[in-house]
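Here's the structure, in structure tokens; my notes come after.
First the proteins, then the strands, lettered A, B, ... as listed; each starts at 1.
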Amino acid sequence: MTIRDITQILSAEVICGEEHLEKEVHNACGSDMMSDVLAFVKDQSLLITGLCNPQVIRTAEMMDIICICFVRGKAPDEAMVELARERGIVLMATKMRMFTACGVLYEKGLGGGTDQCV
Amino acid sequence: MCMTMKLHFDVSGEDFTRAGEASGKVKSKLKQLGIAPDAVRRVAIALYEGEINLVIHAGGGEIDVEISPENIKMTLSDKGPGIADVEKAMTEGFSTATENIRSLGFGAGMGLPNMKKYSDEMKIDTKIGEGTTIFMQINL
């Protein structure tokens with residue numbers, strides 16, 4: 001699915017990166033722990049998180065994640081938005097909780113990549 | 001190509017929001033040099049974990065990166081408290097991070113194990129009360 005599809009499924013508001021909405025996303029991960037994202041994520045291009053600090057953008061940058069969705073209505077500050085913009089990372093925010101956001105995307109066919117960590 | 005490129009960064013221990021700046025710069029440099037994406041990502045993750053450690057555990061430090069056609073060498077050094085039990089610190093899930101650090105999304109006890117996982121070679125030189133130097137190499 002495209003990033004635009006994700007915004008619609010999650011009723012999410014796009015914060016920055018509108019020019020990248022047609023990019024394809026095949027796998028996603030959901031975590032509030034950036035340590036775990038760095039340790040276990042592989043080729044997932046969407047990060048769903050309730051954590052809202054600049055290290056979320058940095059983590060995405062290192063992992064080649066192209067889109068971040070903040071759940072529970074979290075809103076990034078201007079410095080975070082700027083950081084994401086410079087790196088071509090799409091930011092969006094949904095009022096859904098983590099479990100629901102992951103669930104509805106999964107139901108629509110978005111996978112988690114590998115089912116078990118190795 | 002027989003050129004070696006050297007990069008140096010001072011990492012401030014004061015500002016958590018800036019942690020990752022050096023790793024980001026190294027990543028874009030490697031991309032620019034046309035290094036294979038898999039190697040770029042491994043360097044970025046290993047270095048970022050190390051940089052985060054410098055900030056949250058050691059009050060800052062220095063990063064030196066050497067890029068040659070054969071490999072990428074990274075040295076992270078600090079004058080922090082040192083690592084009391086290296087073997088324990090290398091165990092997945094073991095962390096001495098505070099609740100405050102965990103609330104920032106780190107301190108799951110995956111940093112050092114992850115650095116080892118992503119590098120081809122890793123050496124830790126540490127002394128209590130004096131500091132830690134970590135060397136990592138990723139072969140190209």
Side-chain angles (χ1 to χ4, degrees), chain A residues 23 26-27 29-72 74-89 91 98 113-114 116-118, chain B residues 11 15-31 36-57 74 90-97 99-119:
Chain A
K23 284 189 182 167
H26 299 287
N27 289 305
C29 63
S31 181
D32 286 355
M33 243 354 218
M34 293 305 108
S35 289
D36 281 347
V37 175
L38 290 162
F40 300 115
V41 167
K42 195 174 183 289
D43 297 326
Q44 282 89 340
S45 37
L46 167 68
L47 168 63
I48 303 156
T49 187
L51 187 73
C52 199
N53 70 40
Q55 297 313 327
V56 177
I57 317 285
R58 301 268 188 211
T59 300
E61 175 188 11
M62 305 308 159
M63 305 300 291
D64 299 316
I65 286 169
I66 59 169
C67 178
I68 301 167
C69 179
F70 297 101
V71 291
R72 309 191 286 271
K74 297 278 172 88
D77 63 18
E78 196 40 52
M80 285 174 67
V81 175
E82 193 49 42
L83 215 54
R85 210 175 263 140
E86 283 168 10
R87 283 152 187 80
I89 296 170
L91 297 187
M98 173 77 92
T114 46
Q116 294 183 9
C117 57
V118 277
Chain B
V11 178
D15 192 355
F16 176 76
T17 62
R18 287 183 60 195
E21 239 178 50
S23 308
K25 280 181 187 157
V26 172
K27 187 179 186 193
S28 11
K29 190 66 187 172
L30 295 178
K31 262 188 177 165
D38 176 60
V40 174
R41 192 197 277 198
R42 285 167 62 210
V43 169
I45 298 169
L47 197 58
Y48 180 53
E49 291 274 21
E51 191 176 353
I52 290 284
N53 277 348
L54 286 180
V55 177
I56 64 181
H57 290 298
M74 298 164 269
M90 290 303 297
T91 312
E92 287 189 10
F94 176 81
S95 176
T96 57
E99 240 350 273
N100 181 37
I101 291 165
R102 270 183 247 268
S103 72
L104 296 168
F106 291 89
M110 295 306 296
L112 286 173
N114 217 11
M115 286 157 75
K116 190 175 170 65
K117 179 171 118 187
Y118 286 110
S119 54

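Considering only heavy-atom pairs separated by less than 4.5 Å from chain A, the leading option among B:M110, B:K27, B:R41 is B:R41. No other option in A:P54, A:A39, A:S31 has as many heavy-atom pairs under 4.5 Å with chain B as A:A39. Taking B:A19, B:S23, B:G24 one by one and counting their heavy-atom pairs under 4.5 Å with chain A, the maximum is reached by B:A19.
Take A:D77 and apply the salt bridge (Lys or Arg N to Asp or Glu O under 4.0 Å) test, not counting sequence neighbours, and it matches no residue.
When every heavy atom of A:M62 is checked against every heavy atom of B:I45, the shortest pair comes out as O-CG1, 4.2 Å. Contact between A:L38 and B:F106 at its shortest, heavy atoms only, is CD1-CE2, 4.0 Å. Between A:D36 and B:A108, the shortest heavy-atom distance links the atoms OD1-CB, 4.0 Å. When all heavy atoms of A:Q55 and B:F16 are compared, the pair lying nearest together is NE2-O, 2.6 Å.
Residue contact with chain A, scored on non-hydrogen atoms closer than 4.5 Å, involves the backbone and the side chain of B:E21 alike. Both the backbone and the side chain of B:L104 come within contact range of chain A, with heavy atoms under 4.5 Å apart. For A:T59, the parts sitting under 4.5 Å from any heavy atom of chain B are the backbone and the side chain alike. Looking at A:M80, neither its backbone nor its side chain comes within 4.5 Å of chain B, counting heavy atoms on both sides. For B:S103, the part lying under 4.5 angstrom from a heavy atom of chain A is the backbone only.
Formation of a donor-acceptor pair under 3.5 Å by the A:E61 side chain with backbone atoms of B:A44 is not found in this model.
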